[in-house]
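Single-structure report; data block below.
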Amino acid sequence: MTIRVLLADDQALLRGTFRLLIDATAGMEVVAEAATGRQAVELARSRRVDLVLMDIRMPDLDGLAATRLITEDEDLAGVKVLVLTTFENDEYVAEALRAGASGFLGKGINPGELLDAIRLVAAGDALLSPTATKALIARFLSQPAAPGPERTPSLAALTPREREVVTLVATGLSNDEIAERLYVTPLTAKTHVNRAMAKLGARDRAQLVVMAYQAGLVRV
């Protein structure tokens with residue numbers, strides 16, 4: 001299947017560069033471009049995109065607000081947002097995750113890393129750039145007093161093993177790494193992750209990470 005990409009950036013030259021790169025890559029294509037956050041939301045709804053490559057600083061509606069509108073729209077439940085920006089700082093990372101983004105990258109990455117990121121996020125995985133460390137995410141997401149696991153009703157639906165797996169996901173481990181840690185197969189680890197996401201209503205691994213920090217399963 002071809003990954004249908006929407007480019008959302010107010011710089012036409014940058015959109016053109018990304019379009020050339022993506023359209024020249026097998027298995028993905030750019031189906032629309034947006035110069036504002038509001039256009040990004042409208043095009044995500046009308047063009048049946050799989051992934052939005054979203055800038056943060058845009059006119060009319062910024063990328064964070066646009067991301068939130070997309071991820072909260074039930075009709076766009078399958079659309080993933082990969083935030084790509086020159087402003088790669090702690091607060092933007094946290095806000096992008098709160099808004100429902102599935103990944104966060106700085107614009108300084110090389111073309112291969114960007115294409116890999118698109119594939120990864122489109123497949124339902126979470127992606128954070130090396131500078132977006134788990135510690136800073138935990139610090140910002142836990143600033144509002146978060147209830148402990150025992151006071152979070154949604155976590156009660158998880159089995160002890162699923163809670164353990166969610167905790168490992170939140171520390172940044174992949175399915176293969178979780179499998180190695182728990183002495184199970186990667187398929188079993190993936191099954192536990194998917195079941196936990198279904199029970200908690202998490203749209204992807206990034207949201208699962210946010211929920212784990214907010215519930216107090218993982219702390220700085």
Side-chain angles (χ1 to χ4, degrees), residues 50-52 54 64 67-74 76-83 90 92-105 116-182 184-220:
D50 300 310
L51 181 142
V52 182
M54 182 81 75
L64 295 176
T67 296
R68 187 171 290 106
L69 288 175
I70 290 171
T71 60
E72 291 179 352
D73 188 333
E74 293 183 359
L76 300 176
V79 179
K80 309 296 183 184
V81 178
L82 174 57
V83 173
D90 296 1
Y92 280 141
V93 172
E95 288 303 316
L97 289 175
R98 284 197 187 101
S102 298
F104 189 101
L105 287 172
D116 287 343
I118 290 173
R119 295 187 187 98
L120 190 67
V121 170
D125 289 325
L127 179 83
L128 299 169
S129 63
T131 57
T133 64
K134 301 299 181 293
L136 71 85
I137 295 170
R139 175 159 54 87
F140 277 90
L141 291 179
S142 62
Q143 277 180 352
E150 70 281 359
R151 297 190 298 276
T152 306
S154 59
L155 292 183
L158 300 182
T159 65
R161 175 63 89 182
E162 288 166 351
R163 288 165 65 97
E164 185 177 13
V165 168
V166 170
T167 301
L168 294 175
V169 168
T171 61
L173 297 188
S174 66
N175 288 343
D176 287 346
E177 291 168 333
I178 292 173
E180 184 176 354
R181 180 76 63 89
L182 300 180
V184 298
T185 67
L187 179 59
T188 297
K190 181 179 181 179
T191 298
H192 286 310
V193 172
N194 289 341
R195 285 177 178 170
M197 287 171 54
K199 288 181 179 180
L200 297 178
R203 57 185 284 131
D204 54 30
R205 291 174 77 102
Q207 192 172 19
L208 199 61
V209 171
V210 172
M211 289 178 172
Y213 282 120
Q214 290 177 329
L217 283 178
V218 184
R219 298 186 182 281
V220 181

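Judged by distance alone, with hydrogens and angles left aside, the side-chain atoms of T71 form a donor-acceptor pair with the main-chain N or O of A99 at under 3.5 Å. Side chain of K199 to main chain of A157: a donor-acceptor pair is present (N/O by atom type, distance under 3.5 Å, no hydrogens or angles).
A distance of 10.0 Å separates CG in L208 from CG in N194, rounded to the nearest 0.5 Å. Atom CD in E72 sits 10.5 Å away from atom OG1 in T67 (nearest 0.5 Å). To the nearest 0.5 Å, atoms CZ (R181) and OG (S174) are separated by 10.5 Å. Here L64 contributes atom CG and R98 contributes atom CZ; the two are 10.5 Å apart, rounded to the nearest 0.5 Å. Atom CD1 of I118 and atom CG of D50 lie 11.5 Å apart (nearest 0.5 Å).
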- Item | Stepwise side chain to side chain contact (heavy atoms under 4.5 Å, CB included) check, M211 with V169 | CA-CA 11 Å; M211 289 178 172; V169 168; over 6 Å; no
- Query: Which is it for L168 and L182 under the side chain to side chain contact (heavy atoms under 4.5 Å, CB included) test, yes or no, and what are the steps along the way?
  - Reply: CA-CA 10 Å; L168 294 175; L182 300 180; 4.0 Å; yes
- Stepwise, does the side chain to side chain contact (heavy atoms under 4.5 Å, CB included) test hold for L155 with L200? CA-CA 7 Å; L155 292 183; L200 297 178; 3.9 Å; yes
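Minimum interatomic distance between K80 and S102 (heavy atoms only, all atoms of both residues): CD-OG, 3.9 Å. Minimum interatomic distance between A212 and V166 (heavy atoms only, all atoms of both residues): CB-CG1, 3.9 Å. Between L76 and R203, the shortest heavy-atom distance links the atoms O-NH2, 4.0 Å. Scanning both residues, R205 and L173, for their nearest heavy atoms gives NH2-O, 3.1 Å. Taking all atoms of both residues into account, the shortest heavy-atom contact from V83 to A96 is CG2-CB, 4.1 Å. Shown here for A189 and N175, the closest heavy-atom pair between the two residues is CB-O, 3.6 Å.
Residues R195 and V165 have side chains not in contact (no heavy-atom distance under 4.5 Å, counting atoms from C-beta outward). V184 places none of its side-chain heavy atoms less than 4.5 Å from the side chain of H192.
Atom CZ of R119 sits in a crowded spot, with more than 12 heavy atoms from other residues, nucleotides or ligands closer than 6.0 Å.
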